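Contents: one structure, followed by commentary.
A quick note: this is a predicted structure, and the numbers were derived from the prediction, not measured. Scope of the values below: all heavy atoms of this structure, side chains included, with no hydrogens, waters or symmetry mates. Each chain gets a letter, A, B and so on, in the order the sequences are listed, and its residues count up from 1.
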Number of protein chains: 2
Amino acid sequence: MKGYLWTGGHGSTSTEAAPSEGRLAPWEAIAVDAVGNVIEFWGFKRNQGRVWALLYLRGEPLTAGEIERELDLSKGGVSMLLRDLERWGVIQRVRLPQDTVWRYGAETDLVRMVRHVIEEREAGFVARIRADLAEARRLAETAGSVPAERLERLEKMATLAEHVERALRLFIKTSRLDVSGVLAVFRDGAGRRGEK
Amino acid sequence: MKGYLWTGGHGSTSTEAAPSEGRLAPWEAIAVDAVGNVIEFWGFKRNQGRVWALLYLRGEPLTAGEIERELDLSKGGVSMLLRDLERWGVIQRVRLPQDTVWRYGAETDLVRMVRHVIEEREAGFVARIRADLAEARRLAETAGSVPAERLERLEKMATLAEHVERALRLFIKTSRLDVSGVLAVFRDGAGRRGEK
DNA sequence: CATATAGTTCAAGACCGCTTGAACTGCACC
DNA sequence: GGTGCAGTTCAAGCGGTCTTGAACTATATG
């Protein structure tokens, strides 16, 4: 089995050239784009999601060149996208025994990507916000002429920020829990990339 | 060196509207921008957050003109921003008895803004994603030549989408709960006095 | 060493959303 | 009616992000 035909021809199927998309099957294009949309919604690049989706759907590692063709992206773009994804740990770079080129395979937890980067973003971001609000409070206090009433509001604003932060953390935690269930499903029979 | 000019005297409720005077106190600028950053981070316009923050910090309704001057925005921009905020229910348009002009006051639950719009966005968005994935599955099945293994992966992808959706809903719910506590804090003494 | 292919980097430009500013409407008062 | 100000709308411009494509490095091969 192993060999999928995407390398060569498709015998009978009419996967003729789609104008904009490479040689993705229509259903693949739709699924890949759907993931791209989700990922973009979450604040990442659309194409990062598309690349991951392609690799996941194909189930076996692809080369940068293949990705480039399938998704109709530029060489440089693919290089950068793969780097991001690899750094986040959502894809894996592998070199097959007799092969000379790198191939990239999807890690099953796309979620890690969202989690990881959101955690990272959130950390730096919230810290910054808090520092700003603290600074504002300091300035307002030393200024002296600020009505107590307004100072109070400023403090409440900081409180709100903390609560939102807490909610966000909670979300991350619950999603992690919830997602661990999903991962089980994924590993179930999806990847026979039992390496590691 | 005190006296941030525009305040004139906090005693006078009419705000005295320092004519063509519009510089934010430094501490206000910082706080306002901090909120702007948060709001932008959540996918809204930075200036929507800034406007809300200004109105909240001031505690009393301001006119569009004042907002325009304080935040150094354009007339048209303020108009649109206020419209958005009002539609989302996070600010309130009021007309004082003897006054001829509209004024805008902050509603205490900025959170409603996030919640409301996220709910809305999420609803339409997730629906779309689901539809796309369903379509992809349909196409893949009718195509016939798709390995069962890949179909499986496609289905798992849909499952993932559902789980993420669930996590998101959960987040909204918990944040609502968590936030109700914050609201209590806010209402405590923040209220705009006796309008209405 | 020459050649070819894989992979990286980055300036230039495409792309897209936000803001601006002017024209416009509406309303109040003279 | 006319003047002035508050508020709305929208085409055009601006600014920031993403992608491209070419130059470059790295590595394998004869």
Is there a donor-acceptor pair under 3.5 Å between the side chain of Trp52(B) and the backbone N or O of Glu107(B)? yes
Qualifying residues under salt bridge (charged side-chain N to carboxylate O under 4.0 Å, His left out), relative to Glu135(A), sequence neighbours excluded: Arg138(A)
How would you list, by chain and number, every residue that makes a side-chain contact (heavy atoms from CB on, under 4.5 Å) with Asp84(B), sequence neighbours excluded? Lys45(B), Gln48(B), Arg87(B), Trp88(B)
Tell me, please, which residues at least two apart from Arg128(A) pass side-chain contact (heavy atoms from CB on, under 4.5 Å). Asp132(A)
Between Leu54(B) and Glu70(B), does a side-chain contact (heavy atoms from CB on, under 4.5 Å) hold up when you go through it step by step? CA-CA 9 Å; Leu54(B) 177 67; Glu70(B) 299 286 4; 3.8 Å; yes
In whole angstrom, what separates Asp84(A)'s CG from dT17(D)'s P? 15 Å
For Ile67(A) and dT20(D), what is the distance between atoms CD1 and C1' respectively, to the nearest whole Å? 17 Å
In whole angstrom, what separates Ile91(A)'s CD1 from dG7(C)'s C1'? 13 Å
Find every protein N or O atom lying less than 3.5 Å from an N or O atom of nucleotides 10-19 of chain C, and list the pairs.
| residue | atom | partner | partner atom | Å |
| --- | --- | --- | --- | --- |
| dT19(C) | OP1 | Asn47(B) | ND2 | 2.5 |

Pair Arg58(B) + Glu66(B), salt bridge at N-O below 4.0 Å: no
Verify same cluster id: Val32(A), Leu139(B) (apolar side-chain graph, 4.5 Å): yes
To the nearest Å, give me how far apart CG (Leu62(A)) and C1' (dG7(C)) are. 16 Å
Dump every N/O contact between nucleotides 4-7 of chain D and the protein below 3.5 Å, one line per pair.
| residue | atom | partner | partner atom | Å |
| --- | --- | --- | --- | --- |
| dG7(D) | OP1 | Trp102(B) | N | 3.1 |
| dG7(D) | N7 | Lys75(B) | NZ | 2.3 |

Applying salt bridge (charged side-chain N to carboxylate O under 4.0 Å, His left out), name anything that partners Glu141(A), two or more places apart in sequence or on another chain. none
Would you kindly give the CD-to-C1' distance between Gln48(A) and dT17(D), to the nearest whole Å? 12 Å
